[in-house]
Colleague: 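Input: one structure, supplied below.
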Amino acid sequence: MYQIENVLRPYAWGSTTAIADLLGRPASGGPEAEMWIGAHPDSPSTAVHPNGVTQPLNALIESDPQRFLGSESLAEFGPRLPFLAKLLAAEQPLSLQVHPSLDQAMEGFARENAAGIPADAAERNYRDDNHKPEMIFALTPFKALCGFRPAAGSKAVFEHLARVLDSAAVAVPPVISSVISDLGLPEEPAALKAAFSRLIEGGSQVSDAINEVVAVFSAGAPLEPHRGVLAAMLDINEAFPGDPGVLISLLLNHLSLEPGEAVYLPAGNIHAYLHGLGVEVMASSDNVLRGGLTPKHVDVPELLKTVRFEALGVPRVQVSGTEFGQELYRPPFKEFQLQRIELAPGAEPVPLAQTGPAVVVVVSGSVLLDSPKSDLRLGRGAAAFVPDIEAPVNVHPVQGATEVSVAFAVTTGLGN
């Protein structure tokens, strides 16, 4: 087993304190948006060998994939760690985004390579050849946009916008009238695609409409009976004034997770995290197609090819347990599953649920990872890479501990 040091990503939307407070260390003074725990080549964790020598985790795995990944993971995913874990702390909205399917990622990556687009180019859509299904587990109250709501519900919200503008003697912008017509189309996928496309491609007409809507609500127009989605729309506009994502948010499910709740996001699900701290797990990829709420590259034609235009319920992940007490979160993806392990002082050890490799991060107290081959003590804020060959691993509370210890572990979803 290897203790690992992990990379912080200082994206502007990140909290300056949430990750530092969770891990019990001083804040850096700047935004700390994501801490990457894994072997993605863009920001691999650093493995610390017993003699103190350090090595990028992806290089360590490449040196002996069979030993570190195991035969099952190696056969299914090839010689790379199939998942990436993150601590994510959103102080402001993240970009409105969607992730490609595996086939789309492979085709897009090959196409952009053939076109000679540099791997780190700002206009690059596909950073690698992998898909990026993901899951978010809330550590604090967590707000997000997640997938399309039924067209009829969105139509009612836009009709409310038209009424309040008319009541304020403001001419209803043509784009809002057109979206209402779009959402009335008889086939829901066509209705959602038409409304979304009109907003994402509307340019200054959309920005002007947003400014008029915001002005009317700021002057006291009623938010009821759509207070939740309209209040969120106004908050999003504070961060990204006039962005098409402001009105697109009215087409999407508004999700509030309580601590301990989780949702998964398959390919094609349009979404944006708005605020909160969570554990995010995904297939090891950095492929993101953005549609708004961002200064980064937006490729509308590629986005429209990727989004699934269908109304879906919120895809929650139901927790399951084991006889040993840890909580398991198993989305319908082979690449990963998440487990939460809580140990009271003096509690019996918990067997780590592990198929192939695993990573572990401790957010409270201290634990001892114990296998037939080695052991490793991790305090609050520390993390480890557990090779397949170390299994079975038991997670113990540290002897003499006086506080509850909590750790999160990620392994593959193979065998579920």
Colleague: Between the side chains of Lys305 and Glu107, is the shortest nitrogen-to-carboxylate-oxygen separation below 4.0 Å, so that they form an ion pair?
Modeller: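 A salt bridge is absent here (no side-chain N lies under 4.0 Å from a carboxylate O).
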Colleague: Charged N to carboxylate O below 4.0 Å: is that the case for Asp42 and Arg127?
Modeller: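 No, Asp42 and Arg127 are not salt-bridged.
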Colleague: Do Arg316 and Leu257 come close enough that some side-chain heavy atom pair is under 4.5 Å?
Modeller: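 Yes, their side chains come closer than 4.5 Å.
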Colleague: Provide the closest heavy-atom pair for Gly242 versus Asn237 in the form atom of the first, atom of the second, distance.
Modeller: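 Scanning both residues, the minimum pair turns out to be N-OD1, 2.9 Å.
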Colleague: So do the side chains of Lys86 and Glu134 get within less than 4.5 Å of each other, counting heavy atoms only?
Modeller: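 In short, these two side chains do not touch, never coming nearer than 4.5 Å.
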Colleague: Before giving the answer on side chain to side chain contact (heavy atoms under 4.5 Å, CB included), spell out for Leu94 and Leu293 the whole-Å C-alpha distance, their side-chain angles and the decisive distance to 0.1 Å.
Modeller: CA-CA 7 Å; Leu94 281 67; Leu293 310 182; over 6 Å; no
Colleague: Any donor-acceptor pair under 3.5 Å linking the side chain of Gln97 with the backbone of Ser95?
Modeller: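 Checking the backbone N and O of Ser95 against the side chain of Gln97, a donor-acceptor pair under 3.5 Å is found.
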Colleague: For the CZ atom of Phe196 and the CD1 atom of Ile248, what is their distance to the nearest 0.5 Å?
Modeller: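 So the gap between those two atoms works out to 4.5 Å.
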Colleague: At what distance, to the nearest 0.5 angstrom, does OG of Ser73 lie from CZ of Phe68?
Modeller: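 Output value for this atom pair is 13.5 Å.
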Colleague: Side chains of Tyr126 and Glu302: donor-acceptor distance under 3.5 Å anywhere?
Modeller: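 Yes - a donor-acceptor pair under 3.5 Å links their side chains.
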Colleague: Do Val363 and Val279 come within less than 4.5 Å of each other through their side chains, counting heavy atoms only?
Modeller: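 No. Closest side-chain heavy atoms not under 4.5 Å.
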Colleague: Give me the atom names and distance for the closest heavy-atom approach of Gly245 to Leu96.
Modeller: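 Result for this residue pair: CA-CD2, 4.3 Å.
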Colleague: Asn58 and Leu81: side chain to side chain contact (heavy atoms under 4.5 Å, CB included), yes or no, with the steps?
Modeller: CA-CA 8 Å; Asn58 56 331; Leu81 190 66; over 6 Å; no
Colleague: Any side-chain to backbone donor/acceptor pair from Gln354 onto Pro387? Under 3.5 Å, distance only.
Modeller: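 Here the side-chain-to-backbone pair exists.
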Colleague: Just by modelled atom types, is the Thr355 backbone N or O under 3.5 Å from a matching donor or acceptor in the Asp388 side chain?
Modeller: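 Judged by distance alone, no pair lies under 3.5 Å.
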Colleague: Minimum heavy-atom separation for Ser249 to Leu145, with atom names?
Modeller: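 That closest heavy-atom pairing would be CB-CD1, 3.7 Å.
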Colleague: Any non-hydrogen side-chain atom of Val307 less than 4.5 Å from a side-chain atom of Phe148?
Modeller: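 Val307 vs Phe148: side chains touch.
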Colleague: Determine the interplanar angle of the Phe333 and Phe336 rings, folded into 0 to 90°, and report it as parallel if under 30°, tilted if 30 to 60°, perpendicular if over 60°.
Modeller: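 Correct class here is tilted.
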Colleague: Working to the nearest 0.5 angstrom, can you tell me the gap between Asp182 CG and Ser177 OG?
Modeller: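 Rounded to the nearest 0.5 Å, the CG-OG separation comes to 10.5 Å.
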Colleague: Side chains of Ser43 and Arg9 only: does a donor on one sit below 3.5 Å from an acceptor on the other?
Modeller: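 Side-chain D/A pair, Ser43 to Arg9: present.
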Colleague: Measure from the side-chain N and O atoms of Ser364 to the backbone N and O of Val404, and report whether any donor-acceptor pair falls under 3.5 Å.
Modeller: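 Here the side-chain-to-backbone pair exists.
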Colleague: Mind checking ring pair (Phe, Tyr, Trp, His ring centres under 6.0 Å) for Phe137 and listing every partner two or more places apart, or none if nothing turns up?
Modeller: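 Residues passing ring pair (Phe, Tyr, Trp, His ring centres under 6.0 Å) with Phe137: Tyr329, Phe408.
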Colleague: Hey, are the side chains of Glu327 and Glu342 touching, using non-hydrogen atoms and a 4.5 Å cut-off?
Modeller: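 Contact flag for Glu327/Glu342 side chains = no.
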Colleague: Do the side chain of Arg380 and the main chain of Ser405 share a donor and acceptor less than 3.5 angstrom apart?
Modeller: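 It does not hold such a pair.
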Colleague: Take atom CD in Glu310; do more than 12 heavy atoms of anything else shown fall under 6.0 Å from it?
Modeller: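 Yes, the 6.0 Å shell around CD holds more than 12 heavy atoms from other groups.
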Colleague: Hey, are Asn113 and Arg124 close enough side-chain-wise for a donor-acceptor pair under 3.5 Å?
Modeller: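 Per modelled atom types, Arg124 and Asn113 side chains form a pair under 3.5 Å.
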Colleague: Do Pro93 and Leu274 come close enough that some side-chain heavy atom pair is under 4.5 Å?
Modeller: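 Yes. Closest side-chain heavy atoms under 4.5 Å.
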Colleague: Using a 4.5 Å cut-off on heavy atoms from C-beta on, say whether the side chain of Leu304 contacts that of Phe309.
Modeller: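 A side-chain contact exists here, since the closest heavy-atom pair is under 4.5 Å.
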Colleague: If you count heavy atoms of other groups shown closer than 6.0 angstrom to CD of Glu123, is the number above 12?
Modeller: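 Atom CD in Glu123 is packed in, count exceeds 12.
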Colleague: Can you tell which of Leu183, Leu251, Leu185 makes a side-chain contact (heavy atoms from CB on, under 4.5 Å) with Lys155?
Modeller: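 Of all the options given, the one that passes is Leu183.
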Colleague: Can you list the steps and then say if Leu369 with Val395 is a side chain to side chain contact (heavy atoms under 4.5 Å, CB included)?
Modeller: CA-CA 5 Å; Leu369 304 181; Val395 186; 3.9 Å; yes
Colleague: Between the side chains of Asp235 and His275, does any donor sit under 3.5 Å from an acceptor?
Modeller: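 Result is no, nothing qualifies.
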Colleague: What heavy-atom pair brings Val213 and Leu161 nearest, and what distance separates the two atoms?
Modeller: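 Heavy atoms only, the tightest pair is CG1-CD2, 4.0 Å.
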Colleague: Spell out, as yes or no, whether a donor-acceptor pair under 3.5 Å connects the side chain of Gln205 to the backbone of Pro174.
Modeller: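 Between the backbone of Pro174 and the side chain of Gln205 there is no qualifying donor-acceptor contact (under 3.5 Å).
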Colleague: Check whether any side-chain N or O of Ser15 sits under 3.5 Å from a backbone N or O of Glu91 as a donor-acceptor pair, and report yes or no.
Modeller: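 No, the answer is negative, given that no donor and acceptor are paired below the 3.5 Å cut-off.
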Colleague: Write down the atom of Leu69, the atom of Arg80, and the distance for their closest heavy-atom approach.
Modeller: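 Looks like CD1-N, 3.5 Å.
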Colleague: First locate atom OH of Tyr264, then atom CG of Asn269, and finally report the distance between them rounded to the nearest 0.5 Å.
Modeller: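 It comes to 9.5 Å.
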Colleague: Between Arg25 and Glu32, does at least one N-O distance fall below 4.0 Å, as a salt bridge requires?
Modeller: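 Glu32 and Arg25: salt-bridged.
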Colleague: How are the rings of His160 and Phe217 set to each other: parallel, tilted or perpendicular (split at 30° and 60°)?
Modeller: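 Answer is parallel, since the angle falls under 30°.
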Colleague: Out of curiosity, Leu328 CG to Ser320 OG, how far, rounded to the nearest 0.5 Å?
Modeller: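 Here the rounded value is 4.5 Å.
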Colleague: Does Asn130 offer a backbone N or O that forms a donor-acceptor pair with the side chain of Ser285 under 3.5 Å?
Modeller: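 It does hold such a pair.
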Colleague: Quick check: closest heavy atoms across Gly278 and Phe142, and the distance to 0.1 Å?
Modeller: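 So the two residues come closest at N-CE1, 4.2 Å.
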Colleague: Given side chains that start at C-beta, do those of Leu230 and Leu250 come closer than 4.5 Å, heavy atoms only?
Modeller: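 In contact.
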Colleague: Under a 3.5 Å distance rule, please check whether His99 uses its side chain to pair with a backbone N or O of Asn287 as donor and acceptor.
Modeller: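 Flag set: sc His99 to bb Asn287 pair under 3.5 Å.
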Colleague: Could you tell me the separation between the CG atom of Leu277 and the CG atom of Asp21, rounded to the nearest 0.5 Å?
Modeller: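 Answer for the CG-CG pair, Leu277 versus Asp21, is 9.5 Å.
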Colleague: Would a distance-only check, ignoring hydrogens and angles, find a side-chain to backbone donor-acceptor pair under 3.5 Å from Asp128 to Asp286?
Modeller: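 At least one qualifying donor-acceptor pair exists.
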Colleague: For a side chain to side chain contact (heavy atoms under 4.5 Å, CB included) check, start with the C-alpha distance between Asn6 and Ser45, then their side-chain angles and the critical distance, and finish with the verdict.
Modeller: CA-CA 5 Å; Asn6 304 298; Ser45 300; 2.6 Å; yes
